[in-house]
Amino acid sequence: MAHRWTNDLTWDDVTPEAAYLKRRQIMAGIAGLGLATALPGMARASTDALEPNTWEEITTYNNYYEFGTGKDDPAENAHMLTTEGWQIEIDGLVDRPGTYAFDQVMSEMTIEERIYRFRCVEAWSMVIPWNGFELKDLLDLAGVQDSAKYVAFETAYRPDEMPGVAYPVLDWPYVEGLRLDEAMHPLTMMATGIYGRTIPNQNGAPLRLVVPWKYGFKSIKSIVRITLTDSEPPTSWNKSNGREYGFYSNVNPEVDHPRWSQATERVIGSGLFAKRIPTLMFNGYEDEVASLYEGMDLAKFY
Ligand SMILES: Nc1nc2c(c(=O)[nH]1)N[C@H]1C(S)=C(S)[C@@H](COP(=O)(O)O)O[C@H]1N2
Ligand SMILES: [Mo]
């Protein structure tokens with residue numbers, strides 16, 4: 001089988017039989033495969049009347065500062081990003097470090113559709129029908145070593161294609177991080193599509209992180225590097241303002257942002273009289289993820 005590694009491993013060396021078998025399931029198609037089918041234990045939080053936002057809303061109201069800080073800048077400018085031939089460097093504490101071709105990764109992954117609540121730290125929210133695969137499956141390809149405790153992510157840095165990086169609004173490239181157990185959690189996904197279509201550039205093509213129980217800024221876009229580490233990695237928003245943005249960034253209605261309450265959210269697209277709803281602990285995924293933070297003071301580790 002042809003492969004595009006830049007190291008000397010072959011695809012067969014890194015493909016566990018399970019991944020191969022799962023790949024075959026894609027042939028059955030993703031149509032009709034809802035979260036309830038894919039993740040029986042998680043059906044409750046994610047299927048109680050989640051009305052998805054429209055394609056228009058999801059793809060024209062964005063945060064992607066590499067293309068400008070306005071909500072409509074990404075939709076206007078992100079077409080400049082070239083996603084053909086995309087490669088992801090996976091390095092650090094892994095058995096099979098190397099350059100992974102996005103197309104090859106996609107051919108190995110089980111693509112699922114998952115409708116998740118999406119809550120920005122600015123107190124607005126959407127419901128987005130993502131397509132993608134579990135981050136764990138990608139990390140398993142690379143083989144996470146026992147000493148790894150965190151996962152660091154990095155966005156592409158392309159001054160020629162990203163007009164926003166000319167401005168020092170953040171320390172480029174955009175970086176993010178998760179604790180390893182958060183990264184391995186079955187709710188954590190790499191999104192590659194929305195509404196069954198290829199993910200648009202403004203939403204983070206060709207692949208972006210989605211961690212549904214965390215504020216939106218953890219969902220790093222257009223990922224080019226994933227590094228397994230033994231210490232907590234830096235994150236862009238924490239570096240720019242550590243008092244307002246912590247490493248964990250779990251959605252928590254009880255912990256206010258220093259400049260505004262996090263207790264309610266405005267649902268994008270709910271009409272002229274913008275609907276505000278109470279924000280749920282862990283964005284509604286409390287049953288699934290609260291155990292990850294047992295014994296932690298969430299006001300201190302915000
Ligand atoms: N590389 C990069 N990733 C990013 C951002 C960014 O500016 N650059 N913004 C974050 C923030 S603050 C949010 S709310 C989400 C927005 O995702 P969406 O535009 O797909 O809704 O992307 C996150 N990922
Ligand atoms: Mo955000």
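We count ligands from 1, going down the list as the structure has it; atoms in each ligand are counted the same way.
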(request) Considering only non-hydrogen protein atoms, determine which one is nearest to atom 9 (N) of ligand 1 and report residue, atom name and distance to 0.1 Å. (result) N63 O, 3.3 Å

(message) Heavy atoms only, cut-off 4.0 Å: how does Y215 contact ligand 1, side chain, backbone, both, or neither?
(response) neither

(message) Starting from atom 7 (O) of ligand 1, what is the nearest protein heavy atom, named by residue and atom, and what distance separates them?
(response) Y65 N, 2.8 Å

(request) Of all the heavy-atom pairs spanning H79 and N201, show the shortest one and how long it is. (result) CA-ND2, 3.9 Å

(message) Check whether F67 forms a cation-pi arrangement with K221 (NZ or CZ under 6.0 Å from the six-membered ring centre, at most 45° off the ring normal).
(response) no

(request) Do me a favour and list the nearest non-hydrogen protein atom to atom 17 (O) of ligand 1 with residue, atom name and distance? (result) R208 NH2, 3.1 Å

(message) What protein heavy atom lies closest to atom 8 (N) of ligand 1? Include the residue and the distance to one decimal.
(response) E66 OE1, 2.8 Å

(request) Could you check if a side-chain atom of E89 sits within less than 4.5 angstrom of a side-chain atom of I226, using non-hydrogen atoms only? (result) no

(message) Parallel, tilted or perpendicular, judged at 30° and 60°: which one describes the rings of F118 and W124?
(response) tilted

(request) Would you please indicate if the ring centroids of F282 and Y293 are separated by under 6.0 Å? (result) yes

(request) Return the residue, atom name and 0.1 Å-rounded distance of the protein heavy atom closest to atom 10 (C) of ligand 1. (result) Y174 OH, 3.4 Å

(request) Using modelled atom types only, decide if a donor and an acceptor are shared between the side chain of K214 and the backbone of V251 within a distance under 3.5 Å. (result) no

(message) Under a 3.5 Å distance rule, please check whether T82 uses its side chain to pair with a backbone N or O of E84 as donor and acceptor.
(response) no

(request) Report yes if the side chains of W213 and E182 come closer than 4.5 Å at any heavy-atom pair, otherwise no. (result) yes

(message) Just to confirm my output: which protein heavy-atom neighbour is closest to atom 14 (S) of ligand 1, and how far is it?
(response) C120 SG, 3.5 Å

(message) With a 4.0 Å cut-off on heavy atoms, is S219 in contact with ligand 1?
(response) yes

(message) Counting only nitrogen or oxygen atoms and a 3.5 angstrom limit, does W130 reach ligand 1?
(response) no

(request) Could you tell me how the ring of H257 sits relative to the ring of W260: parallel (under 30°), tilted (30 to 60°) or perpendicular (over 60°)? (result) parallel

(message) Could you identify the single nearest non-hydrogen protein atom to atom 18 (P) of ligand 1 and state the distance to 0.1 Å?
(response) K221 NZ, 3.4 Å

(message) Is the contact between M126 and ligand 1 made by the side chain, the backbone, both, or neither, using heavy atoms and a 4.0 Å cut-off?
(response) neither

(request) Quick one: look up the protein heavy atom nearest atom 15 (C) of ligand 1 and list residue, atom name and how far away it is. (result) G216 O, 3.5 Å

(message) Counting only heavy atoms closer than 4.0 Å, does ligand 1 sit against the backbone of K218, its side chain, both, or neither?
(response) neither

(message) Can you name the atoms of ligand 1, numbered from 1 with element, that are less than 4.0 Å from a heavy atom of T155?
(response) 1 (N)

